[in-house]
J.: 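Before I ask anything, here is the structure I am working with.
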Protein chains: 2
Amino acid sequence: MSASTHGPRERIVYEAAQHLRRTGVAGTGLREVVVAAGAPRGSLQHYFPGGKDQIVGEALEWSGAWAAARVQEHVARMRRPTPGHLFTAIVDDWAADLASRDFERGCPVAAAVVDCADANDAVRQAANLALQTWQRPITEALVAMGRGPRRAQVLSTLMLCALEGAVVLARAQRDTAPLRLVARELAPVLDA
Amino acid sequence: MSASTHGPRERIVYEAAQHLRRTGVAGTGLREVVVAAGAPRGSLQHYFPGGKDQIVGEALEWSGAWAAARVQEHVARMRRPTPGHLFTAIVDDWAADLASRDFERGCPVAAAVVDCADANDAVRQAANLALQTWQRPITEALVAMGRGPRRAQVLSTLMLCALEGAVVLARAQRDTAPLRLVARELAPVLDA
DNA sequence: CATCTTCTATGACATTCGTCATAGTAGCGC
DNA sequence: GCGCTACTATGACGAATGTCATAGAAGATG
């Protein structure tokens, strides 16, 4: 759960990511983050001389890596690997996470994009990178399932779009229905 | 374009919606909005005694109604109406809007959900309502195209999920590719 | 012990925020 | 003219923000 490995630095990055998921970039106060991380406030300027942008950037990087690792866990766990099954596994994972926390937390990448794709290009790029980090293992898994590289890329993009959108809808109505819906509807398409 | 019909009140709501699309809820300053609307600051407490929540709420309501009207325009304009064609029309519309403004502005509903689904339930409900307002004409159009009511609801939900997610991805990579992709991939599925 | 680097601890700064209080103006019915 | 309502105009307040300056502790290395 808490992949906050060791030191205060890691805990700050982790906690920043969790805070992003709840209130977005502008809504995330560094003082709050530092308190939640049980870290001294002085660590902020020591470990993150780049300021908030750096922290948000690293939080996104961490989130992308975490999501990618999670995908690979699903791939490894699957008995009959198909794109549809993988998608369902990922979506179910998100549905469980959302519901277990009362739909408090969404996707940090989406939050970053929505908040500062306009004015903060550094954060936008970090979000884009995190998205790629996340997508890569999905694409690779699809290739391993026999899809061509180009087709795999298309399908993984479709997956992420449907997932991100479903997370938004699910949080809006506080119900995992949209997530279950996209899994049910898209799985056969992905396996076709 | 600017559906800011007449008075300062309408202009404030409209401008608030546009600002939401760029920087989310927390990033939207009421002073900025009022300046952009060319409205006097005193109008804030006069027209919106409910404060920021009310303004954001009305901005979302306006956005939902606008999106719904836009859908109906597409429906009216279509020569060979099919679900896939409708979806493509909607997605193309968004792609053109995103690109024309350099991916500055996204979906206000998504912004509201991402920013305050956690702590601000009034805004979350407003976002949810806007989503329903938007979805209804889509569902009705699908019914008119021969889908059963339940099936139409499922398909329109799928459309919105894919669209919302694609908008996020598109803004992250500053490219309409994800939007075109979901249209291309989903259209045949919707028409099946 | 002395020194140097790493990390922590606070206090202060300038902004910005949403909100409120208060006063002013415009226009209309009478 | 008066009175009333609708709207505008500002100034101020307290809270919170990111950032910086500065100084202190800890711990290794010499």
Side-chain angles (χ1 to χ4, degrees), chain A residues 4-20 22-60 108 111-112 114-116 118-124 126, chain B residues 4-20 22-60 108 111-112 114-116 118-124 126:
Chain A
S4 53
T5 334
H6 283 107
R9 193 186 200 288
E10 287 79 7
R11 291 202 307 271
I12 288 177
V13 171
Y14 171 78
E15 216 62 47
Q18 301 311 316
H19 224 88
L20 278 187
R22 294 198 5 234
T23 49
V25 177
T28 294
L30 260 31
R31 286 168 170 86
E32 271 182 280
V33 169
V34 115
V35 167
R41 219 186 73 195
S43 296
L44 283 181
Q45 65 180 290
H46 184 73
Y47 291 114
F48 308 95
K52 189 175 187 178
D53 282 5
Q54 182 183 355
I55 298 183
V56 171
E58 296 200 22
L60 292 173
V114 153
D115 271 7
C116 32
D118 171 30
N120 192 332
D121 202 65
V123 168
R124 195 215 97 232
Chain B
S4 52
T5 333
H6 284 107
R9 193 186 201 286
E10 287 79 7
R11 291 202 306 272
I12 289 176
V13 171
Y14 171 79
E15 216 60 49
Q18 301 311 316
H19 225 88
L20 277 187
R22 294 197 7 233
T23 49
V25 177
T28 294
L30 260 30
R31 286 168 171 88
E32 270 182 279
V33 168
V34 116
V35 167
R41 220 187 73 194
S43 296
L44 283 180
Q45 65 181 298
H46 184 73
Y47 291 115
F48 309 94
K52 190 175 188 178
D53 282 6
Q54 182 183 354
I55 298 182
V56 171
E58 295 199 25
L60 292 173
V114 153
D115 272 8
C116 34
D118 171 31
N120 192 331
D121 203 64
V123 170
R124 196 214 96 234

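Below, read A as the first sequence line, B as the second, and so on, with proteins coming before strands; counting in each chain starts at 1.
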J.: Can you say whether a donor on the side chain of B/R41 sits under 3.5 Å from an acceptor on the base of D/dG11, or the other way round?
T.: yes
J.: Looking at side-chain heavy atoms only, is the closest gap between B/I12 and B/R9 below 4.5 Å?
T.: no
J.: Can you check the A/N120 CG to D/dG18 C1' distance for me, whole Å?
T.: 13 Å
J.: A/F48 CZ to C/dT8 C1': how many Å, rounded?
T.: 15 Å
J.: Does a side-chain heavy-atom distance below 4.5 Å link B/I55 with B/L30?
T.: yes
J.: If you only use heavy atoms from C-beta on, which nucleotide in D/dT17, C/dG18, D/dC7 is closest to the side chain of B/L30?
T.: C/dG18
J.: Nearest whole angstrom, please: distance from the P of D/dT10 to the CG of B/L44.
T.: 14 Å
J.: I need the CG-P distance between A/D53 and D/dG18, as an integer number of Å.
T.: 11 Å
J.: The side chain of A/Q45 lies closest to which of these nucleotides: D/dC20, C/dT8, C/dT22?
T.: D/dC20
J.: Can you check whether B/Q54 reaches B/P49 side chain to side chain, under 4.5 Å on heavy atoms?
T.: yes
J.: Checking contacts here: which listed nucleotide (C/dT19, C/dC7, D/dT19) is nearest the side-chain heavy atoms of A/K52?
T.: D/dT19
J.: Report the distance from atom NE2 of B/H46 to atom P of C/dT25, rounded to the nearest whole Å.
T.: 18 Å
J.: Where the side chain of A/E10 meets the backbone of A/G7, is there a donor-acceptor pair that is under 3.5 Å apart?
T.: yes
J.: Quick check on D/dT8: is either OP1 or OP2 less than 4.0 Å from any side-chain nitrogen or oxygen of B/S43?
T.: yes
J.: In whole angstroms, how far is the P atom of C/dG18 from the CD1 atom of B/I55?
T.: 9 Å
J.: Under 4.0 angstrom, heavy atoms only, what part of the nucleic acid is B/E32 near: base, sugar-phosphate, or nothing?
T.: sugar-phosphate
J.: Checking contacts here: which listed nucleotide (D/dT8, C/dC7, C/dG18) is nearest the side-chain heavy atoms of B/P40?
T.: D/dT8
J.: Where the side chain of B/D115 meets the backbone of B/G24, is there a donor-acceptor pair that is under 3.5 Å apart?
T.: no
J.: Which nucleotide in the list C/dA12, C/dT8, C/dC17 gets nearest to the side chain of B/R31?
T.: C/dC17
